[in-house]
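Below is one structure, written out as structure tokens; comments come after it.
Counting from 1, the numbers follow the sequence of the chain as shown. Quick note: numbers below take in every heavy atom, side chains included, and nothing from hydrogens, waters or symmetry partners. These numbers come from a predicted model, not from an experiment.
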Amino acid sequence: MRLTLQDLTALVLAGTMSFGATAAESIGVAIARGSFHVDNSEVFGNTTLFDGATVRTGTASSRLQLSSGARMNLGEESQAKVFRKQATLERGAGEVEGSAGYQMEARSLRISPEGKSIARVKLEGETQVVVAALNGGVRVTSGSGMLVANVPAGTSLLFTPQAAQAGTFQMSGCLLQTRDGKFLLVDANQTVELRGTGLAAEANNQVEVTGAAFRSAAPAPPAAQVVQAETVKRTQAGGCAEAIAKVEAAGAKVLRPGQSTVANAPKAKSGSHAGIYAGVAVAAAGGIGAAVALGGGKKSTSP
């Protein structure tokens, strides 16, 4: 069979059109003051990023500007797999400033900065993740989408995923009863609605609760989710003035045994205990001194 010149031209054009249709689209650019690696190639200065690219830094950190508007800084000696809607931190530390819900994933956790907040994330040891919130709050959820913690601006929390079965809760805080008969458990990290028996007897006390979280249940505001309490153990009588103020500032009305009793009660300590939320242990942590600012050897110090 002989191919004419017209046949060959048609084949070339068809191949060119096919290549153009399947070529990957750019999702942004990566920039560094020095060399870094994208997939298996060493890059100097800057390069275009495609969906699923692996970015690995050495002695120089790298800045990633994505077409979605999200911005990332990847620290020295760090590695992340970058996608259009999220990035997976595989080594070291990084920062993400969200746009249109951009997330950073780290060891099954999903970290989402809120508004103009910046989420700083660092892999600690073999199993833990440190998350710091800069300029605003940061939301941390489990791989199944259940809330683990809301990290307030200027604070850091240490997370240990898979500390228990997914959905398991072990939380200490103040148990409050609202005027419409709902029960709220409040600690420094989050507020949840409790359901179960024997809760009214411990209202306005500090308790330790174990139970199971329900992803599909709609919580009573300002709670973030619903927990079916299995055990409730009092750890201290009273001491819930801060928790009451926090809940009422969010719009809920709380039943209290007496204004003078609440006002004179000792304040609950906040941020010092560890809890297990949706199978993830959470505790207070120090700041992350990670080199995530653009430029080799230039370290960021906040918070």
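- In this structure, L157 CG and N189 CG are separated by 5.0 Å, a value rounded to the nearest 0.5 Å.
- Inter-residue side-chain proximity for Y102 and M72 is flagged as met; some heavy-atom pair is nearer than 4.5 Å.
- Under the 4.5 Å side-chain criterion, counting only non-hydrogen atoms from C-beta, E114 is in contact with N150.
- With sequence neighbours left out, the salt bridge (charged side-chain N to carboxylate O under 4.0 Å, His left out) criterion links E248 to R256.
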Please test T231 against T210 for side chain to side chain donor-acceptor pair (under 3.5 Å), starting from the C-alpha separation and ending with a verdict.
-> CA-CA 5 Å; T231 65; T210 62; 2.4 Å; yes

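- Rounded to the nearest 0.5 Å, atoms CG (N204) and CG (L176) are 6.0 Å apart.
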Given V227 and M171, is the side-chain contact (heavy atoms from CB on, under 4.5 Å) satisfied, shown in steps?
-> CA-CA 10 Å; V227 174; M171 178 174 168; over 6 Å; no

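- Considering every non-hydrogen atom in both A106 and V121, the closest pair reads CB-CG1, 4.0 Å.
- Under the salt bridge (charged side-chain N to carboxylate O under 4.0 Å, His left out) criterion, R107 pairs with no residue at all, not counting sequence neighbours.
- Both I27 and V38 belong to a common hydrophobic cluster when Ile, Leu, Val, Met, Phe, Trp and Tyr are linked at side-chain heavy-atom distances under 4.5 angstrom.
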Might you work through the side-chain contact (heavy atoms from CB on, under 4.5 Å) test for R120 and L134, ending with a clear yes or no?
-> CA-CA 7 Å; R120 179 176 292 174; L134 311 182; 3.7 Å; yes

Stepwise, does the side chain to side chain donor-acceptor pair (under 3.5 Å) test hold for E76 with T59?
-> CA-CA 5 Å; E76 300 171 10; T59 57; over 6 Å; no

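- Between R110 and Q86, every side-chain heavy-atom pair lies at or beyond the 4.5 Å cut-off.
- When all heavy atoms of P152 and A133 are compared, the pair lying nearest together is O-CB, 3.4 Å.
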Any chance you could lay out the side-chain contact (heavy atoms from CB on, under 4.5 Å) test for V209 and F169, step after step, and finish with the verdict?
-> CA-CA 8 Å; V209 175; F169 262 73; over 6 Å; no

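- In this structure, M104 and L89 approach most closely via the heavy-atom pair SD-CB, 4.2 Å.
- Inter-residue side-chain proximity for L175 and F183 is flagged as met; some heavy-atom pair is nearer than 4.5 Å.
- Nearest heavy-atom pair, A60 versus G34, reported as atom, atom and distance to 0.1 Å: CB-CA, 4.4 Å.
- Every residue two or more places apart in sequence or in another chain was checked for a salt bridge (charged side-chain N to carboxylate O under 4.0 Å, His left out) with E90, and none qualifies.
- In this structure the side chain of V151 reaches within 4.5 angstrom of the side chain of V140, judged on heavy atoms.
- The side-chain heavy atoms of V82 and L66, taken from C-beta on, include a pair separated by under 4.5 Å.
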Take V129 and L123, measure what side-chain contact (heavy atoms from CB on, under 4.5 Å) needs, and give me the verdict at the end.
-> CA-CA 5 Å; V129 180; L123 301 184; 4.2 Å; yes

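- Every pair passing side-chain hydrogen bond (donor to acceptor under 3.5 Å, both in side chains) that includes a residue from residues 131-142 is listed here, sequence neighbours excluded: S142-S144.
- Note: K85 NZ to Q103 CD = 10.5 Å, rounded to the nearest 0.5 Å.
- Atom OH of Y277 is separated from atom CG of D187 by 3.5 Å, given to the nearest 0.5 angstrom.
- Within a 6.0 Å radius of NZ in K81, other residues, nucleotides and ligands contribute more than 12 heavy atoms.
- Remark: T88 OG1 to R91 CZ distance equals 15.0 Å, nearest 0.5 Å.
- When all heavy atoms are compared, the tightest approach of R195 to A217 is NH1-CB, 4.2 Å.
- When all heavy atoms are compared, the tightest approach of S117 to G136 is OG-O, 2.9 Å.
- You'll find the side chain of L185 stays beyond 4.5 Å of the side chain of E193, heavy atoms only.
- Taken from OG in S62 to CD in Q79, the straight-line distance is 12.5 Å, to the nearest 0.5 Å.
- Note on V43 and L64: same hydrophobic cluster, where clusters join Ile, Leu, Val, Met, Phe, Trp and Tyr whose side-chain heavy atoms are under 4.5 Å apart, directly or indirectly.
- Hydrophobic clustering (side-chain heavy atoms under 4.5 Å, transitive across Ile, Leu, Val, Met, Phe, Trp, Tyr) keeps L147 apart from V131.
- Judged by distance alone, the side chains of S78 and T57 never bring a donor and an acceptor atom under 3.5 Å apart.
- For R234, the salt bridge (charged side-chain N to carboxylate O under 4.0 Å, His left out) partners are E202, not counting sequence neighbours.
- For N46, the side chain to side chain contact (heavy atoms under 4.5 Å, CB included) partners are I31, not counting sequence neighbours.
- Summarising the local packing, CG of D180 is surrounded by more than 12 heavy atoms from other residues, nucleotides or ligands at distances under 6.0 Å.
- Side-chain contact between F50 and D39 is absent, with no heavy-atom pair separated by less than 4.5 Å.
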